[in-house]
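As structure tokens, the structure follows; a few thoughts come after it.
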Amino acid sequence: MLSGKRIILGVTGGIAAYKAVVLLREFQKAGAEVRVVMTPAATRFVGIETFTSLTRYDVAVDVFSGDQPGQSWTKHVHLGEWADLYVIAPCTANTLAKIVQGVSDNMLTTTVLTARCPILICPTMDGEMYESPAVSENLSKIRDMGYYIQEPESGYLASGLEAKGRLPEPDTILQRAGTIIKNHAIQGPLTGKKVVVTAGPTREFIDPVRFISNPSSGKMGIAMAEGARLLGGDVLLLHGPISAEVPDRIQTAPFVSAQELFDLMKSHSDADIIIMAAAVSDFSAEEKHDQKVKKEKASLTLKLKRNPDILQWLGVKKKPGQVLIGFAMETEDLIANAKSKLEKKNLDWICANSIQSENAGFESDSNKITLLSKNSEEVFEGSKERIAIDILKKIFQ
Ligand code: CTP
């Protein structure tokens, strides 16, 4: 349930902060991508470097991080937008009180206010503190505000006393996190489906400074990925070198050449739905030079070899129930060419684009697509985002 999910782990300044290291590893083992934010007090219990090394990302502590160049002060906004779940473990009585009051005096508490995802709070403290009237009242308020609380466990505490206040075992927190994410998943026709979308061009390098490519912007593929996410799908976007912005909430993996895309696709060919919107180069240079070829020495003839047809390969391997959706970019005989690709590549659907249409094509924000199956044909026109949603609804609703 946590595989591919994005989790912010907030660590506050209690002795159980050291257990957050194990929790982080368990989240990672479960396949989640984790970023850590710490309160300044937490850094007295565990070194920032521990979390930086384990996540391979900067650990955010202060909102204004003058000593960390390159870290934008708007990081809390991006983090809050990025995550599927924010887990604060351990959460001290102090941070709990701040959250109840909306105090935003460090990166952890500020990110609580920007988070668009569910927040799971694991209050962890001495037994007396936990039972104190102020903490009890804050816990009840925070529940009413819609935060999730994972109650502490009873046992041996740092004070040497036995009481309720211990951070629950990582497994308990993982299970709770999984349930929360599951309950917050968008419910739609693609809920529970793994959707792989490809977008953008490939680059086939001839030497380190020259390559064969095409003007694909990746916008249509990104729109299909976002559309699939909005219909509930668990989306992975494989994208070539693109400048178009990918929405933060989509999981991505980059490729450069057709062969790299092919390798990535082989490891995701189990997906329930595959949408091949990438403009894959059919050819690459027969010989790739390690050094720049000097023009005096270069031949005027470039020898090419055929790249694998990834979609055709997927069509041959297609598993029962899997839906394959291709794209066809044509300059002539749009429908006939697209229909022949539909059949040849064993596709369920193909989105036919004409580069000749007005307000359509590679760089444009709008498009005109004829969606074809073996026995249907329908035209969709408008912004790429609108068309993507309409096409996916037509196919899956
Ligand atoms: N495609 C692919 N692998 C390739 C070439 C294309 O997976 N080597 C996919 C594209 O992502 C698209 C579909 O096949 O979904 C059709 O691509 P297109 O370039 O329109 O057609 P081709 O099959 O390459 O045929 P042609 O170039 O002759 O039109």
Side-chain angles (χ1 to χ4, degrees), residues 1-2 5-17 19-20 23-24 26-27 30 32 34-39 41-42 76-77 79-155 157-159 161-187:
M1 207 39 232
L2 295 179
K5 298 300 175 203
R6 295 162 162 190
I7 297 176
I8 307 172
L9 176 59
V11 186
T12 70
I15 180 64
K19 292 186 180 172
L23 183 60
L24 163 67
E26 293 302 319
F27 277 141
V34 189
R35 304 273 194 281
V36 173
V37 291
M38 298 171 87
T39 59
H76 55 291
V77 180
L79 266 178
E81 209 178 358
W82 169 85
D84 296 304
L85 179 68
Y86 186 2
V87 179
I88 304 179
C91 182
T92 58
N94 186 37
T95 294
L96 176 72
K98 286 183 187 176
I99 297 173
V100 170
Q101 293 300 323
V103 173
S104 51
D105 61 341
N106 58 43
M107 186 58 93
L108 186 146
T109 48
T110 309
T111 307
V112 167
L113 298 183
T114 60
R116 298 186 188 183
C117 59
I119 299 181
L120 172 61
I121 293 173
C122 304
T124 308
M125 59 200 77
D126 173 70
E128 294 303 319
M129 286 174 86
Y130 187 69
E131 300 297 341
S132 70
V135 169
S136 299
E137 191 173 324
N138 282 339
L139 281 170
S140 128
K141 280 186 187 161
I142 212 161
R143 272 201 182 89
D144 291 346
M145 289 165 134
Y147 295 92
Y148 293 91
I149 303 293
Q150 180 64 46
E151 293 216 4
E153 288 175 355
S154 297
L157 299 175
S159 59
L161 301 172
E162 292 243 350
K164 189 170 177 180
R166 279 167 61 94
L167 185 70
E169 291 305 313
D171 216 35
T172 311
I173 300 175
L174 252 71
Q175 294 229 353
R176 186 75 193 280
T179 311
I180 295 170
I181 288 180
K182 190 170 156 218
N183 292 344
H184 275 259
I186 301 171
Q187 295 303 314

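Numbering starts at 1 and runs along the sequence shown.
Residues C122 and I88 are not in side-chain contact: their nearest non-hydrogen atoms beyond the backbone lie 4.5 Å or more apart. Using a 4.5 Å heavy-atom threshold, the side chains of P118 and L85 count as touching. Under the 4.5 Å side-chain criterion, counting only non-hydrogen atoms from C-beta, L113 is not in contact with T110. Contact annotation: the side chain of L96 never approaches that of T12 to less than 4.5 Å [non-hydrogen atoms, C-beta and beyond]. Two residues are said to be in side-chain contact when any heavy atoms from C-beta on lie closer than 4.5 Å; I173 and L120 meet this criterion. Two residues are said to be in side-chain contact when any heavy atoms from C-beta on lie closer than 4.5 Å; L157 and R166 meet this criterion.
Across all their heavy atoms, Y86 and T111 have their closest contact at CE2-C, 3.8 Å. S132 and M129 get closest at one heavy-atom pair: OG-O, 2.7 Å. The two residues A30 and L174 make their nearest non-hydrogen contact at CB-CD2, 4.1 Å. P123 and L139 get closest at one heavy-atom pair: CG-CD2, 3.8 Å. The shortest non-hydrogen separation linking I7 to W82 is O-CZ3, 3.7 Å. Across all their heavy atoms, L23 and A89 have their closest contact at CD2-CB, 3.7 Å.
The existence of a salt bridge linking E131 and K164 is excluded, since no basic side-chain nitrogen approaches an acidic carboxylate oxygen closer than 4.0 Å.
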Take T124 and K19 through the side-chain contact (heavy atoms from CB on, under 4.5 Å) test and state the conclusion after the steps.
CA-CA 11 Å; T124 308; K19 292 186 180 172; over 6 Å; no
Under the side-chain contact (heavy atoms from CB on, under 4.5 Å) criterion, do L79 and T114 qualify, and how do the steps go?
CA-CA 8 Å; L79 266 178; T114 60; 5.9 Å; no
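The 12-atom threshold is not exceeded at CD of E137, counting heavy atoms of other residues, nucleotides or ligands nearer than 6.0 Å. Within a 6.0 Å sphere centred on CG of D171, heavy atoms belonging to other residues, nucleotides or ligands number 12 at most. Within a 6.0 Å radius of CZ in R116, no more than 12 heavy atoms belonging to other residues, nucleotides or ligands are found.
Interatomic distance, S136 OG to K141 NZ, rounded to the nearest 0.5 Å: 12.0 Å. Interatomic distance, T172 OG1 to L167 CG, rounded to the nearest 0.5 Å: 9.0 Å. For the atom pair C117 SG and I180 CD1, the distance stands at 10.0 Å (nearest 0.5 Å). Rounding to the nearest 0.5 Å places SG of C91 at 6.5 Å from CD1 of I142.
Every residue two or more places apart in sequence or in another chain that forms a side chain to side chain donor-acceptor pair (under 3.5 Å) with Y148 is listed here: H184.
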For residues 98-108, please give each side-chain donor-acceptor pair under 3.5 Å, one per line with the distance, not counting sequence neighbours.
unit_1, atom_1, unit_2, atom_2, d
K98, NZ, D105, OD1, 3.4
K98, NZ, D105, OD2, 2.7
D105, OD1, T109, OG1, 3.1
N106, OD1, L108, N, 3.0
N106, OD1, T109, N, 2.8
N106, OD1, T109, OG1, 2.9

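At least one donor-acceptor pair closer than 3.5 Å links the side chain of T179 to the backbone N or O of Q175.
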